[in-house]
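Below is one structure; the comments refer to it alone.
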Amino acid sequence: MAEGAAAAVLGGLFGDNPYFQAGFGLMGVGVGLTVLRQGLMLGSTTLRRRLLVTLEVNNKDRSYEWFLTWLAHSSNAVPQKRTTSRWFRSHQLSVETAVEQRSNGSSSAMFRLVAGPGTHWFRYHGAWVQMKRERETRSMQLMSGNPWETITLTTLSRDRDLFPKLLAEARDLAMKSQQGKLVIRTAWGIEWRPFGQPRQKRPLHSVVLDAGVSERVEQDVRAFLHRRQWYADRGKRSAVYRASLRVYPGIPYRRGYLLHGPPGSGKTSFIQALAGALSYDICLLNLSERGLADDKLIHLLSNAPERSFILIEDVDAAFNKRVQTSEDGYQSSVTFSGFLNALDGVASGEERIVFMTTNHIEKLDSALIRPGRVDLNVLIDDASPLQARTLFTRFYGGSNDIYPGVVERLAEQLEHLVAAEMDGGRRISMAALQGLFIRNDAADAVESCRNLFVGK
Ligand code: ADP
């Protein structure tokens, strides 16, 4: 009874109230719109999911570098009828700088403009692809200090097969630019990154060493690689062999080489030429680099890219000082024992070839030169009479400006000269001879060479 009366009173109050009715109406419209919007959003998400396909490439992955190379190549290419990709003109660009360091020390830089952070469109094999390049500004890669980057590619679901195709094209392009070239990498934090552009390989015979030296080192490396392959092949075939690899820690997966001798005798040039001849890359490690501590070194040595020599130059210079600590109290340099540990490494199935050079072998600790760390110790010395003669004939022979007979006569003169000076305890470096030949004609070179010998 009482309830019925209350309803009647409320009905009387609001039922005929036009303001209240309008409010209700508005609320209904609002709710309706919200439902519609959410429905649309849901619909578009489902549609996107069904119709579109997305690929994320992050700069943690190697394919990121390849994709950027492809990007630089395809967005700078002059559009032709037969090109597979065409870019919509981008307004957000970023610059990619490539520095090429030549062996004579000079360098040149090339700039390429690529699509920068933002949204871009391009057509690939007839399909439209949206590319979103995003940079994470709040967090950085811990070791290298570079921002994280992600490239997200979106296209129609039916064109999903284009992604593997595009990535394969990018990989082949990156590989092609390195083919027949020597890639040098340096350490960036705990990563190995290419240093400059891949370089032309230097022919092995262009580095003139004393009789038999070059062949000795080359044969040793080849024999090691061959042995390694032998074990790897058997490891693949049988589980027993695989197990035996684990239980025999004596199997030489590593090989260490030390080339020692005066500066300018061709140590570095020879290692680079040998790497090129074997289609290996070089990972250049600077032990005195600030911030390189024992743990990073171990990581770097055990994570070098496949088919690469690790090259440590002037290995004597790294340990003259006491252990340094940076302002925040962290160890900021490599200790000698840390270096030995890193060289010995954890037992890994990967091959590792380490080349070290020094101008002062007498400064090296005997613990470093023992077999297992240094398996082949080779002296690369100043010019011998034969080396001087060979370099001379390589340099001036075959030129139209001078008779072959004259080259031979001058080469012989030079050989005698070097032999005579050596008897008097004076030597000349191969680098000094090379510099002399570059600046002079053949006869002048032999004449001016007399002033360049230095006493020991
Ligand atoms: P190192 O590492 O012994 O100090 P490098 O390999 O850096 O010497 O040589 C310095 C320069 O001298 C290079 O440009 C190289 O071409 C030249 N050079 C040195 N030794 C030789 C050699 N044995 N044969 C040919 N060139 C040489």
Side-chain angles (χ1 to χ4, degrees), residues 100-108 182 184 186 195-196 199-218 221 256-277 280 282-288 309-318 354-364 374 376-398 407 411 414-415 418-419 421-422 427-440 442 445 448-449 452-454 456:
E100 187 182 4
Q101 189 93 32
R102 300 199 194 89
S103 56
N104 63 7
S106 70
S107 60
S108 61
L182 176 72
I184 298 192
T186 49
F195 176 69
R199 298 152 198 232
Q200 287 301 339
K201 283 183 186 171
R202 179 175 182 159
L204 201 50
H205 67 77
S206 77
V207 186
V208 183
L209 303 187
D210 217 359
V213 173
S214 175
E215 293 77 12
R216 202 169 127 221
V217 182
E218 186 186 353
V221 178
Y257 298 87
L258 176 70
L259 306 192
H260 67 98
S265 51
K267 299 181 289 296
T268 311
S269 310
F270 173 70
I271 296 165
Q272 294 194 357
L274 183 63
Y280 267 56
I282 297 250
C283 288
L284 194 60
L285 187 64
N286 178 5
L287 291 178
S288 330
F309 291 172
I310 294 168
L311 172 56
I312 307 169
E313 296 214 80
D314 301 319
V315 69
D316 57 283
V354 178
F355 272 92
M356 292 180 263
T357 68
T358 179
N359 299 336
H360 302 282
I361 191 169
E362 70 287 353
K363 287 191 192 165
L364 292 185
V374 169
L376 195 66
N377 187 348
V378 186
L379 168 68
I380 311 272
D381 214 344
D382 280 328
S384 71
L386 186 64
Q387 272 175 281
R389 181 186 181 136
T390 314
L391 193 70
F392 185 89
T393 32
R394 290 257 161 85
F395 214 88
Y396 296 107
V407 175
L414 181 67
E415 187 179 353
V418 175
E421 290 283 346
M422 268 177 86
R427 312 285 308 255
I428 187 167
S429 76
M430 288 296 275
L433 278 177
Q434 179 190 264
L436 190 74
F437 298 164
I438 290 173
R439 291 191 306 271
N440 295 280
S448 334
C449 154
L452 295 177
F453 284 86
V454 285
K456 285 238 155 183

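Order of listing sets the numbers, starting from 1, for every ligand and every atom in it.
- Taking every non-hydrogen atom of Lys267 and a distance limit under 4.0 Å, the qualifying atoms of ligand 1 come out as 1 (P), 2 (O), 3 (O), 4 (O), 6 (O), 8 (O).
- Heavy-atom proximity to Pro263, at under 4.0 Å, picks out these atoms of ligand 1: 4 (O).
- Side-chain polar atoms of Ser384 and Asp210 form a donor-acceptor pair below 3.5 angstrom.
- For the residue pair Thr358 and Asp316, a side-chain donor N or O sits within less than 3.5 Å of a side-chain acceptor on the partner.
- Checking side-chain atoms of Arg394 against main-chain N and O of His205 turns up a donor-acceptor pair under 3.5 Å.
- Backbone and side-chain nitrogen or oxygen atoms of Phe270 are examined, and none is located within less than 3.5 angstrom of a nitrogen or oxygen of ligand 1.
- Separation of atoms CG (Leu414) and OH (Tyr396) is listed at 9.5 Å; rounding is to 0.5 Å.
- With a 4.0 Å cut-off on non-hydrogen atoms, Gln434 touches ligand 1 through its side chain and not its backbone.
- Proximity to Val208 (heavy-atom distance under 4.0 Å) selects the following atoms of ligand 1: 22 (C), 23 (N), 24 (N), 25 (C).
- Listed by atom number, the atoms of ligand 1 under 4.0 Å from Ser206 heavy atoms are 24 (N), 25 (C).
- Of all the atoms in ligand 1, the ones that sit under 4.0 Å from a non-hydrogen atom of Arg202 are 15 (C), 16 (O), 25 (C), 26 (N).
- By the salt bridge (charged side-chain N to carboxylate O under 4.0 Å, His left out) test, Glu215 pairs with no residue at all, sequence neighbours left out.
- Within ligand 1, the atoms closer than 4.0 Å to a non-hydrogen atom of Leu209 are 23 (N), numbered from 1 in the order shown.
- Between Tyr280 and Phe309, the two ring planes are tilted [angle within 30° to 60°].
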